[in-house]
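These notes are about the structure you will find just below.
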Amino acid sequence: MKQNRHALPVGSKSVVGQAAESGTPVVINDVTLSPTHQHNPLLPETRAEAAIPLRIGSRVIGVLDIQSTNPNAFTEDDTSILQSLADQVAVGIDNARSYELAQQAVEELRKVDRLKSQFLANMSHELRTPLNSIIGFSRVILKGIDGPISELQQQDLTAIYNSGQHLLGLINDILDLSKIEAGKMEMAFDDINLADTIKSVMSTAIGLVKDKSVELRQEVPPDLPPVRADPMRIRQILLNLISNAAKFTDEGSITVRVEIQKVSETASEFLVKVIDTGPGIAPEDQAKLFQPFSQVDDSPTRKTGGTGLGLSISNALVQMHGGRIGVESEVGTGSTFFFTLPLQKPQPRSAEGDRVILSIDDDPTNIALYERYLANQGYQVVAVTEPTKAVQKAAEIKPFAITLDIMMPGMDGWQVLNELKANPETHDIPVIVCSILEEENKGFSLGATDYLVKPILEEDLLQAINRLNPDGSIREVLVIDDSADDLRMISKMLSADGRFKPVLAQGGKAGWETLSKNTPQAIILDLFMPDMNGFTILEKLQSAPELRNIPVIIVSGGELSSAQHEQLAEYGQRLIQKGSLSEKDLLASLEKALKRLSA
Ligand code: ADP
């Protein structure tokens, strides 16, 4: 019947149609006498028929139809038993349907959530790029690089600079939250000195209370043991708690206190408290503080700004450190926000950072090659074959330099590079991108000896050049970038130093043309340019013997957009097909890069 798409409309002249319309059982005990019964050619022997509605409350979702070859087959008792059976069946069917709908909704939500995270990541990248100019240029002018400025201009520019930083803070918060929600927030643990971190955060806090009569106090016991934590994130948590306290406290004091407390016979923990004498928080409001976007006073007329994200991010970060966060507060007296961090025995460092090279490569035979080769040069090689562990390892041993393979399963080298450069503990370590392609034992090295992430600060830029320039031989620096603003900014930073003469080329094609006419002593190279990208230039440099030895500092936007990821993948494919240097050349250019760094 199902195959034949047998159907009976609700209310039609049929036993099932009537039961469906009326919502009550319809019983025909002798079908030969009934005008309602419809003869069904598939059931020729039917003599009696009962149709029982499947009801959910007053809603009929179907009909249970029972036919018998015996006339008078259905008694009144049978009908009532069948009805209670039908009621159960109806509930069952309805539950199954709701479940299916719920599953669909969950799947939809997951999809939306993924899109949201991706959107946020892309957006924050897009927002950060123009902010790079706002922050960078206002700083350049404030520092007097463009010439002297009046006090009034100084004030206005400071406002622009501070607003830029504020906006960057908000964007970073939103990005952090989306990373946390997508389970993609990663920690770079190190042994850190809590007293130092607190001291540095407190010096920032002075600016936050400078117009109020609020005293800042630190009660940190001397000789605290080191804590295993991500220094940047601990700073972020402390800054959030202290700046909240500063925001809400108009007079009195803000105290940061550290204690060590026992949690069991064998384990202890750090307890960090931020105590203020502000308005306090009512008990009913305390519970929601650690949820995203929640503020005690969310009226548009409220006195203080903020997104309501700080505490929920801090909460997640503290949990990722294995600690707890909480608040004790009394209205009118003040609030104490606290968090804990587990106390662990310090882990010994695996090697002395001085002459250590961290080699990130998924293939141990490649690492063995580096080991053999670099041991002769007096370097010790520490291997990382699992790219996801690379950043943590680099933060732990602080190597002299890192060699990085590009084509790795799970996480490609560019992602590793981005994370290395996004992490304050590792962003100073020079990275040499080099890779061995399995086939025919060919290698390639891009020879880039440093990598900077926008927004670029002049300190970072000059440090990177200085690392390559121990003998002062670098004078002319070619800057290749498709963004006119970035070109101007980098050029200002270089000129301000006085030692370097920037030569600017807008876009890859122009860059390559300049290179073939005039040889600079160093190159600052943007990776993503529409006409000719940075990789192509690096490859071309490698294949020109007279240009191969020019040190290159790569500059690129922080998070990669999906288009850029595609570009990287395509680039990797192309390299596999080409294979530019022999193994011997690869090792030689690795040696040269290292020499430049350590001369
Ligand atoms: P926001 O960016 O809005 O400060 P937070 O998550 O850091 O976001 O804080 C959420 C809310 O918690 C604040 O808007 C405020 O209402 C309350 N709050 C946080 N710290 C304090 C404090 N020290 N005293 C009083 N209220 C506070």
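Ligands are counted one by one from 1 in listed order, and the atoms in each one are counted from 1 as well.
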Gly278 near ligand 1, heavy-atom distance under 4.0 Å?
-> no
Side chain to side chain donor-acceptor pair (under 3.5 Å) with Lys398: which of Thr426, Asp428, Asp190?
-> Asp190
Should you measure from each heavy atom of Asp276, which atoms of ligand 1 turn up under 4.0 Å away?
-> 22 (C), 23 (N), 24 (N)
Please identify each residue that fulfils side chain to side chain contact (heavy atoms under 4.5 Å, CB included) with Pro221, with sequence neighbours left out.
-> Leu224, Val258
Nearest heavy-atom neighbours spanning Ser314 and Ile325 = CB-CD1, 3.9 Å
Ligand-residue contact atoms, ligand 1 with Gly310, heavy atoms, under 4.0 Å | 5 (P), 6 (O), 7 (O), 8 (O)
If you look only at pairs with a residue in residues 179-222, which of them pass as a ring-ring contact (aromatic ring centres under 6.0 Å, His included), with sequence neighbours excluded?
-> Phe189-His321
Should you measure from each heavy atom of Leu311, which atoms of ligand 1 turn up under 4.0 Å away?
-> 5 (P), 6 (O), 7 (O), 9 (O), 10 (C), 12 (O), 19 (C)
Within a distance under 4.0 Å of any heavy atom of Ala245, pick out the atoms of ligand 1 and give their elements.
-> 23 (N)
State the atoms of ligand 1, each with its element, that fall below the 4.0 Å cut-off from a heavy-atom position in Leu289.
-> 11 (C), 12 (O), 17 (C)
Please work out which of Asn315, Ile281, Asp285 has its closest non-hydrogen atom nearest to atom 25 (C) of ligand 1.
-> Ile281
For Asp173 and Ile313, what are the C-alpha separation, side-chain angles and deciding distance, and is it a side chain to side chain contact (heavy atoms under 4.5 Å, CB included)?
-> CA-CA 8 Å; Asp173 271 2; Ile313 293 173; 3.8 Å; yes
Which atoms of ligand 1 have any heavy atom of Asn240 under 4.0 Å away?
-> 7 (O)
Report yes or no: does Gln415 contribute a side-chain atom to a donor-acceptor pair with the main-chain N or O of Asp412 at less than 3.5 Å?
-> yes
Between Lys212 and Leu208, which heavy-atom pair has the shortest distance, and what is it?
-> CE-O, 4.3 Å
Can you list the atoms of ligand 1 that are under 4.0 Å from a heavy atom of Ser335?
-> 24 (N)
Counting each atom of ligand 1 from 1 as listed, which ones have a heavy atom of Phe337 under 4.0 Å away?
-> 19 (C), 20 (N), 21 (C), 22 (C), 23 (N)
